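To start, the structure itself, in structure tokens.
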Amino acid sequence: MLILHIDMDTFYVSCERLKKPWLFNKPVIVGGPLRRRGVVASASYEARKFGIKAGMAIDYAHRLCPEAIIIQPDFPFYEAYSKKIYEILRHFSPIVAMTSIDEGYLDITGTEKLFGEPLQLGRKIKEAIRKLGLPSTVGIAKNPTLAKIATRIAKPDGLFYLPKGKEEEYLASVPVETIPGIGEKNSLILKGAGIKTIGDFLKADITTLNRLMGKWAEKLRKNLTEEKWLEIRERPKSIGRSITLLRDIRNLEILEKTLYELLKEAASELREWQEQATIITVRIRFEDFTTITQRQKISPTDAHQLIFPKAKELLHSLIKKRDKKVRLLGITLSGFTTYPLQSSLFLPPEREIALQRLNKTLDQIRKKLGEDKVQEGRIFRNEKREGKPLIPYRQIYQRDKTDF
């Protein structure tokens with residue numbers, strides 16, 4: 001097996017530079033807005049030199065680099081280019097998995113006769129994407145984890161191939177934190193025990209690693225040694241949405257409408273997984289950073305219209321417990337039960353079927369045209385959302401061998 005991993009370099013910034021060429025070679029931040037709790041979605045390498053990274057508060061990033069140019073995200077534009085990249089990748093392999101808007105994996109086993117040796121194939125893919133005006137980095141190895149490590153070594157705008165059987169030799173001196181999934185905390189623990197490189201990690205006794213990291217160590221070790229295709233993520237045990245408000249508020253009407261919008265998006269993903277929720281949890285963080293949650297059981301459903309009355313009750317209950325403004329609001333659906341849909345205790349069968357069809361149609365429209373294109377009468381956008389979309393980018397372009 002041979003896997004190719006591709007990661008677009010500062011993808012949002014690179015897309016913005018297609019529209020505004022004068023941004024090249026300048027510190028650029030995609031995110032914001034400044035002074036309104038915005039976050040950094042992407043930063044150019046010129047900005048990263050100042051310590052700026054994704055997820056950082058935009059005002060703090062601005063203090064680190066006052067001359068940085070801050071641009072509001074244009075997610076539809078980025079998605080359009082992500083789809084173009086996907087079509088390019090599909091030309092080189094029938095087995096492609098996009099794991100995010102700017103990252104994907106290809107199974108390139110047996111493609112040598114069509115596209116040449118691994119390094120030749122990597123160059124062809126980079127050249128094809130470069131014609132779009134976008135830089136990318138490619139890593140190739142016998143499994144997805146090693147391929148991603150190769151990409152991290154090659155960044156930015158590079159290409160690296162880990163030949164089979166020589167992984168330990170090539171990675172002997174690579175820092176242990178380069179392993180995907182290792183985490184900052186675990187890397188510090190490992191370094192404290194003298195395990196500083198991937199070579200050290202591979203040579204370490206598994207008993208020692210389990211003592212330091214728990215059973216996760218065995219999983220990581222297998223990821224570095226086994227030949228396998230990308231593991232498709234397991235079905236979620238819960239689905240949630242939350243938002244830090246642009247300003248602290250206590251207006252109950254605005255909070256209700258915000259909660260409804262969060263619930264609507266969580267329920268849409270719930271339907272995508274073909275699950276029904278039996279538990280809802282509402283979470284509030286107040287202006288003093290006190291965080292409280294409350295949960296309640298509900299009849300199995302995937303319809304946000306049926307869940308919202310109970311969610312609103314929880315919201316009111318939480319608000320009454322503190323005489324303070326709200327900073328963060330969130331909702332989580334859990335206690336899943338799989339389709340086929342159970343009959344509602346509250347709706348006649350014909351209305352239940354109509355509601356299912358309505359939500360299915362709305363989901364399809366929003367997926368095709370965008371979240372903002374269809375709004376229900378009871379909801380409106382209270383404030384412009386900043387930062388990344390609430391619905392995380394998922395493996396919407398997944399392909400496997402059963403398709404061919």
Side-chain angles (χ1 to χ4, degrees), residues 1-15 42-45 48 53-55 78 81-82 84-86 88-90 92-93 95-109 111 115-130 132 134-164 166-184 187 197-199 201-202 220 222-233 393 395 397-398:
M1 177 168 281
L2 203 57
I3 305 300
L4 183 147
H5 175 249
I6 183 163
D7 194 3
M8 304 304 297
D9 298 326
T10 61
F11 182 55
Y12 296 168
V13 171
S14 297
C15 287
S42 179
S44 68
Y45 286 102
R48 292 185 187 186
K53 55 185 179 181
Y78 310 152
Y81 270 87
S82 178
K84 291 179 182 180
I85 292 165
Y86 170 72
I88 289 173
L89 299 180
R90 286 277 290 156
F92 294 96
S93 172
I95 307 172
V96 179
M98 295 296 288
T99 53
S100 70
I101 195 170
D102 61 349
E103 182 181 12
Y105 294 86
L106 289 72
D107 185 342
I108 59 171
T109 309
T111 60
F115 304 111
E117 295 302 313
L119 286 173
Q120 288 180 282
L121 173 57
R123 291 189 192 99
K124 289 177 180 178
I125 289 176
K126 282 176 58 67
E127 288 169 6
I129 293 175
R130 175 64 73 175
L132 296 177
L134 299 171
S136 62
T137 298
V138 167
I140 305 172
K142 69 180 182 181
N143 69 38
T145 298
L146 291 170
K148 187 161 187 171
I149 290 173
T151 302
R152 291 181 173 181
I153 293 171
K155 272 191 167 289
D157 198 15
L159 170 63
F160 188 56
Y161 171 44
L162 277 174
K164 287 185 181 181
K166 295 187 178 181
E167 293 88 359
E168 195 166 342
E169 175 187 342
Y170 276 61
L171 302 177
S173 59
V174 176
V176 70
E177 61 266 28
T178 311
I179 301 174
I182 201 83
E184 184 178 353
S187 67
T197 67
I198 295 179
F201 186 86
L202 290 171
L220 289 177
K222 288 181 179 179
N223 288 346
L224 291 170
T225 56
E226 294 182 349
E227 287 191 40
K228 57 182 180 181
W229 172 234
L230 188 70
E231 290 185 3
I232 305 303
R233 66 175 184 155
Y393 205 88
Q395 290 182 207
Y397 305 137
Q398 178 67 37

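Here the structure is a predicted model, which is why all the values come from computation and not from measurement. Excluded from the calculations below are hydrogen atoms, water molecules and symmetry mates; all remaining heavy atoms, backbone and side chain alike, are included.
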query = Which heavy-atom pair separates Ser42 from Tyr12 by the least distance, and what is that distance?
reply = CB-CB, 3.6 Å
message = When you measure from the side chain of Thr109 to the backbone of Leu2, do you find a donor-acceptor pair of N or O atoms at a distance under 3.5 Å?
response = yes
query = After noting the C-alpha distance and the side-chain angles of Asn143 and Met1, does the key distance pass the side chain to side chain contact (heavy atoms under 4.5 Å, CB included) rule?
reply = CA-CA 7 Å; Asn143 69 38; Met1 177 168 281; over 6 Å; no
task = Check whether any side-chain N or O of Ser93 sits under 3.5 Å from a backbone N or O of Ile108 as a donor-acceptor pair, and report yes or no.
result = no
query = Is the side chain of Thr151 donor-acceptor paired with the backbone N or O of Gly139 at a distance under 3.5 Å, no angle test?
reply = yes
request  = Kindly indicate, with the supporting measurements, whether the criterion side chain to side chain contact (heavy atoms under 4.5 Å, CB included) is fulfilled by Leu224 and Phe201.
outcome  = CA-CA 10 Å; Leu224 291 170; Phe201 186 86; 3.7 Å; yes
ask   = Are any side-chain N or O atoms of Ser82 and backbone N or O atoms of Tyr78, one a donor and one an acceptor, separated by less than 3.5 Å?
value = no
ask   = Would you find a donor on one side and an acceptor on the other, under 3.5 Å apart, between the side chain of Thr137 and the backbone of Asp157?
value = yes
request  = Tell me, with the steps shown, if Phe11 and Ile85 meet side chain to side chain contact (heavy atoms under 4.5 Å, CB included).
outcome  = CA-CA 11 Å; Phe11 182 55; Ile85 292 165; 3.8 Å; yes
query = With distance as the sole test, does Lys124 use its side chain to make a donor-acceptor pair with the main-chain N or O of Phe115 at under 3.5 Å?
reply = yes
Any donor-acceptor N/O pair, Ser14 side chain to Asp9 backbone, under 3.5 Å = yes
query = Less than 4.0 Å between a side-chain N and a carboxylate O, is that true for Asp7 and Lys148?
reply = no
request  = Would you check, one step at a time, whether the test side chain to side chain contact (heavy atoms under 4.5 Å, CB included) holds for Ile153 with Leu171?
outcome  = CA-CA 10 Å; Ile153 293 171; Leu171 302 177; 3.7 Å; yes
